[in-house]
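In this text the structure is predicted, and so the values were computed from the model without any measurement. Each ligand, and each atom within it, is numbered from 1 in the order the structure gives. In this chain, residues are counted from 1 in sequence order.
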Amino acid sequence: MSEQPSAIHSQWSSRFAFILAATGSAVGLGNIWKFPYITGENGGGAFVLIYLLCVLLLGAPIMISEIMIGRRGRQSPINAMLALSREAAANPGWRYLGWLGIAAGFLILAYYSVIAGWALDYVFKAFLGEFLDRDAGEIQSLYTHLMADPLTQIFWHSVFMAATLYIVMRGVNAGLEHAVRFLMPALFFIMLFLVGYAMTSGGYQQGLHFMFHPDFSKIGANAILTAMGHAFFTLSLGMGAIMVYGSYLPPHVSIAKTTFIIAGADTAVALLAGIAIFPLVFANQLQVGSGPGLIFQTLPLAFGEMTGGWLFGVLFFVLLFLAALTSSISLIEPAVAWLVENHGHDRYRASLHAGLACWLLGVGVAFSFNIWSQHKIFNKNLFELLDFLTANIMLPLGGLGIALFAGWFMRAEHSEEELELPPEQFRIWRALIRYVAPPAIILVFLHALGVMG
Ligand code: TRP
């Protein structure tokens with residue numbers, strides 16, 4: 001998070017600091033781990049197209065709204081919503097949006113931490129040279145062994161959670177900013193490099209075709225819901241994380257411009273990840289729909305074959321771990337802030353309590369890949385259930401609330417004052433947030449219900 005704008009010259013550095021923090025939150029496992037595997041599961045091109053449309057038409061205007069509410073409210077989400085609903089003479093019940101966000105962040109982090117733990121395990125696999133000269137079957141069995149081993153998963157999950165809590169407790173945000181400053185270019189570089197490798201893999205044309213050739217016959221209501229949910233997930237929207245970051249943004253910084261920088265960087269990383277991974281899938285006759293293990297079964301093959309692959313493998317999984325870490329902080333921050341504000345905890349105790357509860361739920365998630373894999377609710381194991389509930393239900397619901405509040409309850413003069421957009425751009429934002437985002441989210445929900453019910 002940024003320092004408060006005090007000196008005259010801190011303006012630019014604060015805007016930049018905000019962009020770094022928000023990009024750090026947005027770019028994470030969602031881009032590199034989740035986007036490719038859900039694209040694979042949902043048939044490719046048409047899914048990608050719907051996801052991109054959701055980012056542009058729902059994600060961007062809602063991100064603008066969330067940052068705006070944060071900056072105008074100048075407090076943690078619950079209190080910001082309370083203050084702004086007073087200002088708008090609206091029902092103070094809007095603060096429950098903040099509650100929904102706290103719950104969503106908590107539930108996401110429980111499984112996010114387990115997956116980030118896999119990345120840590122792969123740092124060591126890469127370091128020990130376990131990917132060198134392996135065929136697809138051998139790489140696959142490295143993954144299935146990890147899945148069958150709850151203790152190893154719990155160990156790395158614990159390490160990741162401890163790292164997250166350490167940062168949240170100490171509030172070492174300055175260190176974080178420096179980390180993101182080198183992390184994002186490094187991530188970009190290595191993704192580009194992997195794309196370069198993918199071009200030579202023999203499956204490049206097929207991979208591109210899969211990702212960018214829309215075939216709408218492969219898309220059902222659930223795929224649309226997943227694409228929309230992922231737009232929220234990948235941009236860290238709908239739970240107040242970006243709102244918290246926005247509350248540190250100095251006045252007169254263009255919210256719309258920063259939004260496009262953040263959303264653009266986030267989308268670019270996701271697309272690069274897909275372009276790097278799918279050619280490997282086709283070149284090695286793997287399954288596009290192999291689920292959460294997709295990157296762990298494809299990229300190690302590349303690292304095993306390419307020159308310098310040992311180094312790039314270690315580097316990639318370290319970067320993935322760091323990208324997850326800069327995201328996980330924003331997932332637990334709202335819960336910690338709430339414990340501090342409303343329960344009189346100090347930051348240390350608040351982080352410890354929230355973190356322990358989250359860790360425990362994560363242990364259940366680690367079991368859901370092995371000993372509990374047959375325990376299902378609504379035909380989903382614990383991991384799938386948490387993922388579905390948060391990404392596909394809670395985040396879009398939170399986004400809907402934010403859109404309704406910003407579009408229909410906040411006074412137009414107030415949002416105009418915050419956004420400082422040229423009139424025609426303001427009108428576009430306002431039309432999207434009033435007439436496009438809310439009905440679109442509701443329609444996608446209803447459509448999915450109709451099919452599932
Ligand atoms: N956006 C992150 C990712 O793609 C995950 C994340 C961090 C998130 N903070 C969030 C998702 C808040 C939703 C809400 O990996």
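- Among protein heavy atoms, the minimum distance from atom 6 (C) of ligand 1 is reached at Ser236 OG, 3.5 Å.
- A donor-acceptor pair shorter than 3.5 Å cannot be found between the side chains of Asp149 and Asn370.
- Distance alone, capped at 3.5 Å, places no donor-acceptor pair between the Arg72 side chain and the Ile69 backbone.
- Residue Ser327 has at least one heavy-atom neighbour below 4.0 Å for each of these atoms of ligand 1: 2 (C), 7 (C), 9 (N).
- For Phe35 and Tyr51, the ring centers sit closer than 6.0 Å to each other.
- The aromatic rings of Tyr112 and Phe160 sit tilted, their planes meeting at an angle between 30° and 60°.
- Residue Ile242 does not touch ligand 1, judged by heavy-atom distances below 4.0 Å.
- Using cut-offs of 30° and 60° for the angle between ring planes, the His343 and His345 rings count as perpendicular.
- Not close to ligand 1: Trp33, with no non-hydrogen atom less than 4.0 angstrom away.
- Relative to the ring axis of Phe388, Lys380 places its NZ or CZ within 45° and under 6.0 Å from the centre.
- Looking at ligand 1, you won't find any N or O of Ala241 less than 3.5 Å from one of its N or O atoms.
- Aromatic ring orientation, Phe317 versus Phe296: parallel (interplanar angle below 30°, classes split at 30° and 60°).
- Contact analysis puts Ala26 in contact with ligand 1, with a non-hydrogen atom separation below 4.0 angstrom.
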- [ ] Decide yes or no on ring pair (Phe, Tyr, Trp, His ring centres under 6.0 Å) for Phe278 and Phe210, but give the supporting numbers first.
- [x] CA-CA 8 Å; Phe278 284 110; Phe210 180 74; 4.9 Å; yes

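- Scanning all protein heavy atoms for the shortest distance to atom 11 (C) of ligand 1 gives Phe233 O, 3.2 Å.
- Close approach of ligand 1 to Ser330 (heavy-atom distance below 4.0 Å) involves ligand atoms 7 (C), 9 (N).
- The protein heavy-atom contact nearest to atom 15 (O) of ligand 1 is Tyr112 OH, 2.5 Å.
- For ligand 1 and Leu395, the ligand atoms under 4.0 Å from any heavy atom of the residue are 13 (C).
- By the 3.5 Å distance cut-off applied to N or O atoms, Gly30 is counted among the residues near ligand 1.
- Ring geometry, Phe409 versus Trp94: the interplanar angle exceeds 60°, so the pair is classed perpendicular (tilted spans 30 to 60°).
- In the vicinity of Leu29, heavy-atom distances shorter than 4.0 Å reach the ligand 1 atoms 15 (O).
- Atoms of ligand 1 found under 4.0 Å from any heavy atom of Met239, numbered from 1 in the order shown, are 12 (C), 14 (C).
- Nearest to atom 2 (C) of ligand 1 by heavy atom, out of Ser25, Gly24, Gly28, is Ser25.
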